[in-house]
Amino acid sequence: MEMTSFGTLFRQMFLQKSRSAYLIFGIQFLAAFVLTILAMGSAGLNNPKIDQTAINTIAAAFLAFIVLFLMLCFLTAPVYLVMTSWKIEKINRDQTWRLIPISSGKFYLSNTLSSFAAYIYLEIMQLVLMLVGFFGVYLASGKVRKGVSEVIAETTNNNADYGMLVEYLVIGLLLNLFWYVMISFYHFLSRSVIDFLPAASNRFVIFIVRVLVLVVVIYALYFVSIGLSDLFIHPLTDSGESFELLMTIVIFILFNVIFGGLNILLINKFVEAKADR
């Protein structure tokens, strides 16, 4: 049987996961649009202002939409992560998916990374929409254009550290990837332990095992994080916040590699596909 390439499987899984991204994005857009209409209606359309500066109604509508859409991002991101985590674990044990001629390790990586890529795709769509909305505010109000020019000039003169902003962004993305990795690690480890127990069909036993595994995982994470922080951060804390952010990135990369490697080991050796019902 001819083996399926990692790239082919990744593309197919990404197309499937991106449907969730489109769904979340569409709901978020519709919610922000409806809330903008309600907000503009309740606040009235006369004399809208930004920080005591009067702007026209069109600019105010665009600005209200941007703010509401941005606020909803803090809700849609965790919803997407939870939704796709469930899908990842379902696919990892799905008998039909596991029949694809590819190694279990590559299958796991494709499943996880395609969800992570779709999450980044969702973030890009959200960012593009907010930029379009801001451009609408910019075009609709001369006072906004003047204010933006002043902010840009002030930021340039103050030598803003954009590198630190990028570091925060990378940490956020790595944290989201770590969420996927740890959900799979908990699922694989608990499933492996349960499959070795003679009373694996007892629901109470399964519940106890999952609770114990969760405690062990949290306990192990605590000590690993303490050890890595002592190794990388504490000896050189005088180097400033930027160095600490960089070391935080290194720590999250190590976490993802270590626990991702353990997940590959578990799915290769212990985690079997679940029979279709």
Side-chain angles (χ1 to χ4, degrees), residues 1-27 76-123 173 176-214 216-217 255-277:
M1 181 181 294
E2 184 179 354
M3 296 293 287
T4 301
S5 69
F6 175 85
T8 299
L9 181 59
F10 177 88
R11 284 191 295 273
Q12 292 302 315
M13 286 186 166
F14 175 78
L15 290 174
Q16 185 192 73
K17 309 291 178 59
S18 61
R19 295 172 189 168
S20 298
Y22 288 128
L23 175 63
I24 292 291
F25 180 81
I27 294 174
T76 56
V79 168
Y80 175 85
L81 290 173
V82 171
M83 181 189 300
T84 50
S85 294
W86 178 80
K87 286 187 177 181
I88 287 173
E89 301 315 314
K90 183 179 179 181
I91 291 174
N92 278 334
R93 296 201 68 209
D94 186 89
Q95 193 174 57
T96 302
W97 276 100
R98 293 289 293 274
L99 288 175
I100 295 174
I102 194 172
S103 69
S104 296
K106 289 182 179 180
F107 180 86
Y108 159 74
L109 287 175
S110 177
N111 192 13
T112 302
L113 293 179
S114 61
S115 294
F116 181 60
Y119 173 76
I120 294 176
Y121 182 51
L122 172 62
E123 295 280 290
L173 291 176
N176 292 325
L177 178 59
F178 186 60
W179 163 267
Y180 286 138
V181 171
M182 290 311 301
I183 291 293
S184 292
F185 180 69
Y186 168 71
H187 177 228
F188 290 169
L189 187 59
S190 59
R191 190 71 257 171
S192 300
V193 173
I194 290 169
D195 288 344
F196 274 102
L197 294 177
S201 60
N202 188 302
R203 290 187 177 182
F204 178 73
V205 172
I206 292 175
F207 172 76
I208 294 299
V209 169
R210 285 177 174 168
V211 170
L212 290 175
V213 171
L214 180 61
V216 170
V217 168
F255 271 9
N256 285 317
V257 170
I258 292 170
F259 287 98
L262 290 173
N263 286 340
I264 292 175
L265 176 64
L266 288 169
I267 197 172
N268 278 331
K269 301 295 184 181
F270 304 107
V271 180
E272 300 293 336
K274 184 178 181 181
D276 296 330
R277 293 182 180 179

[X] and [Y]: which non-hydrogen atoms are nearest, and at how many Å?
X	Y	answer
A77	Y119	CB-OH, 4.0 Å
A118	S18	CB-N, 4.1 Å
R191	I194	NH2-CG2, 3.1 Å
S115	Y80	O-OH, 3.1 Å
L189	L266	N-CD1, 4.0 Å
A117	F10	CB-CZ, 3.8 Å

What residue among D94, N92, T84 forms side chain to side chain donor-acceptor pair (under 3.5 Å) with N111?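 Only match with N111 under side chain to side chain donor-acceptor pair (under 3.5 Å): N92.
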Enter the distance from [X]:[atom1] to [Y]:[atom2] here, rounded to the nearest 0.5 Å.
X	Y	atom1	atom2	result
I27	F25	CD1	CZ	12.0 Å
L122	T76	CG	OG1	6.0 Å
F14	R19	CZ	CZ	12.0 Å
Y121	S114	OH	OG	14.5 Å
S184	L262	OG	CG	12.0 Å

Taking the side chain as every heavy atom from C-beta outward, state whether [X] and [Y] have any atom pair closer than 4.5 Å.
X	Y	answer
K17	I91	yes
W86	I183	no
F107	M13	yes
L173	F116	yes
F270	V193	no

Keeping the roles fixed (side chain from [X], backbone from [Y]), state whether a donor-acceptor pair exists under 3.5 Å.
X	Y	result
N256	V181	no
R98	R93	no
S192	F188	yes

Report the residues that fulfil side chain to side chain contact (heavy atoms under 4.5 Å, CB included) with I264, sequence neighbours left out, ordered by chain and then residue number. Y108, L109, N268
Check the surroundings of atom CH2 in W97: do more than 12 heavy atoms from other residues, nucleotides or ligands lie under 6.0 Å from it?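 Yes, the 6.0 Å shell around CH2 holds more than 12 heavy atoms from other groups.
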Among residues at least two apart in sequence or on other chains, which ones pass ring-ring contact (aromatic ring centres under 6.0 Å, His included) with F185?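 Expected list: F259.
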Between H187 and I88, is the side-chain contact (heavy atoms from CB on, under 4.5 Å) condition met? List the steps. CA-CA 11 Å; H187 177 228; I88 287 173; over 6 Å; no
